[in-house]
2 protein chains.
Amino acid sequence: MGTQQVHPIQEPKYWRLRTVLGRALDSEFAVGEVLPNERDLAARFGVARATLRQALDQLELEGRLHRRRGIGTLVAGSRVGVPVGGGEGQEPAPHDTWHVVDHADTTPPVKVLRALALTDKAPVHRVLRARRTRGQVVGTEYLYVPADLLPDLDATPAGAQRARAVLHAFWELDAEEASRSVELGVAEPDVAQVMENPPGTPVLVVTTWYRLRGRVAALSVGTYRADTCRLTFGEAEPVPLAS
Amino acid sequence: MGTQQVHPIQEPKYWRLRTVLGRALDSEFAVGEVLPNERDLAARFGVARATLRQALDQLELEGRLHRRRGIGTLVAGSRVGVPVGGGEGQEPAPHDTWHVVDHADTTPPVKVLRALALTDKAPVHRVLRARRTRGQVVGTEYLYVPADLLPDLDATPAGAQRARAVLHAFWELDAEEASRSVELGVAEPDVAQVMENPPGTPVLVVTTWYRLRGRVAALSVGTYRADTCRLTFGEAEPVPLAS
DNA sequence: GAGTGGTCTAGACCACCAT
DNA sequence: TGGTGGTCTAGACCACTCC
């Protein structure tokens, strides 16, 4: 049988490593436990450190590992469910809170301007909030509201105080959440800083269109840590899917 | 001023490169255009190829680039919106179709068993479908239905034919979509093959719980290409957010 | 065969954290 | 001060695609 293949599909080393390490995480490690360091692990499996790191990158994308510089590589627990809408009767749990960070009148990104059908001269409120679950910052949100939607807003306060005023005024408009989308992105430095995360970290970007009197009135762009978050829609899941 | 800092925040080279290349994509390249090859780009920016590739990895995560072995690195268009639920009146567009691939009676993953409150002895239907949008496979779905929910199913057909029979029988139950969640994952080899994608590609994993007569009756696990998909909920967005 | 991205190596140095 | 992960280098070879 001279045509027998030793490598049936030519599986890369790092993918094989990912599988092996993943099984080890299931059977031999507890959540929060620290793995051997990368140099030792690489030596143990007979690969270069860069190859070992490729395998760890995969497991980190899956939310099964956390790596902290100066500390080590830790086994992650299951992701926390973060309600992002759809469930109309959802009352916020006490361990799930918003923390208003800041307000600005800066010009929004071009994408936002286009979605709101505005020119770059139109004044727009931008409110930055951070979302905390069990003490951990899991995500941030930029809310963009055209200023002419809130004519009765007094101009005196600034910063977080003004942000709260904008939020309350916007809530009183009772705009409808018309649509929502989720896609993958990476954390820009501004949100990364709020999320206590390095820039470039994978994030889930949630865009919400608000409608008022048949028109797109406002837009919010939420950014959630992809490593620790599982976004939930509708009611909370009947049974947790923890591993 | 001897304490002046030359590198205020010590920005990594690959992050700076990502920003520079990202701007170049906006201003100097058209969708579908091929970038210079990695060796030339690395030389042009005076970095090692591995560093250049780190920057390209980031841009690929953001869905701004596609890399094809043997071809080159191409500028990606905006992501395609894929409706995944919530919009009750959503009629499927002609360019958005499901293609039933296969049926199996294999034991589901442990996570699924636990969510359905089943033992690993209980027979469960597993239907695999692929979702196509404009000729491109954008995602796959495993639907898990306990066999005792479909007692009237005749046992004769097999493969895709049986899969369709299971789907129709399940639809007639008219189960309620109780909850839904989205998280980040990587493509396992089985779904990667259906999606015409290499294993390890980032994907958005959509889990849907179906409820029937107050009980969790079935579960579906959808897997969508994170590079090309933007998942949409509710109505289609009023204004596309294309760049 | 020539050109592309994908994988892998063996090293080096840096930033961060604990002690 | 020593250990950790993060970054970066300069190469090599492989798999795939097109001509």
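Letters A, B, ... are given to chains in the order of the sequence lines, protein chains preceding strands, and every chain is numbered from 1. These numbers come from a predicted model, not from an experiment.
- Taking 4.0 angstrom as the limit, A:Thr51 places a side-chain polar atom (N or O) nearer than this to OP1 or OP2 of C:dT9.
- For C:dG5, its base sits under 3.5 Å from the side chain of B:Arg39 at one donor and acceptor pair at least.
- Taking side-chain N and O atoms only, B:Thr73 has no distance below 4.0 Å to OP1 or OP2 of C:dT4.
- Base contact: B:Arg49 has a heavy atom under 4.0 Å from a base atom.
- The existence of a salt bridge linking A:Asp26 and A:Arg64 is confirmed by a sub-4.0 Å separation between a basic side-chain nitrogen and an acidic carboxylate oxygen.
- B:Arg53 comes within contact range of at least one nucleobase, with a heavy-atom separation under 4.0 Å.
- Salt-bridge formation is detected for the pair B:Glu38/B:Arg67: a Lys NZ or Arg NE/NH1/NH2 atom is positioned less than 4.0 Å from an Asp or Glu carboxylate oxygen.
- Checked by distance alone, B:Arg69 brings no side-chain donor or acceptor within 3.5 Å of a matching partner on the base of C:dG3.
- Here the side chain of A:Asn37 is nearest to one of D:dT4, C:dT9, C:dC17, namely D:dT4.
- DNA chain C is contacted by both A:Val47 and A:Gly70; A:Val47 maps to the nucleotide lying nearer its 5′ end (nearest heavy atom per residue).
- In this structure, A:Glu188 pairs ionically with B:Arg18, as a charged nitrogen and a carboxylate oxygen lie closer than 4.0 Å.
- Using a 4.0 Å cut-off between charged nitrogen and carboxylate oxygen, A:Asp96 and A:Arg131 count as a salt-bridge pair.
- Between the P atom of C:dG6 and the CG atom of B:Asn197 lies a distance of 12 Å, rounded to the nearest Å.
- Closest to the side chain of B:Ile71, out of D:dC18, C:dC8, D:dC8, is D:dC18.
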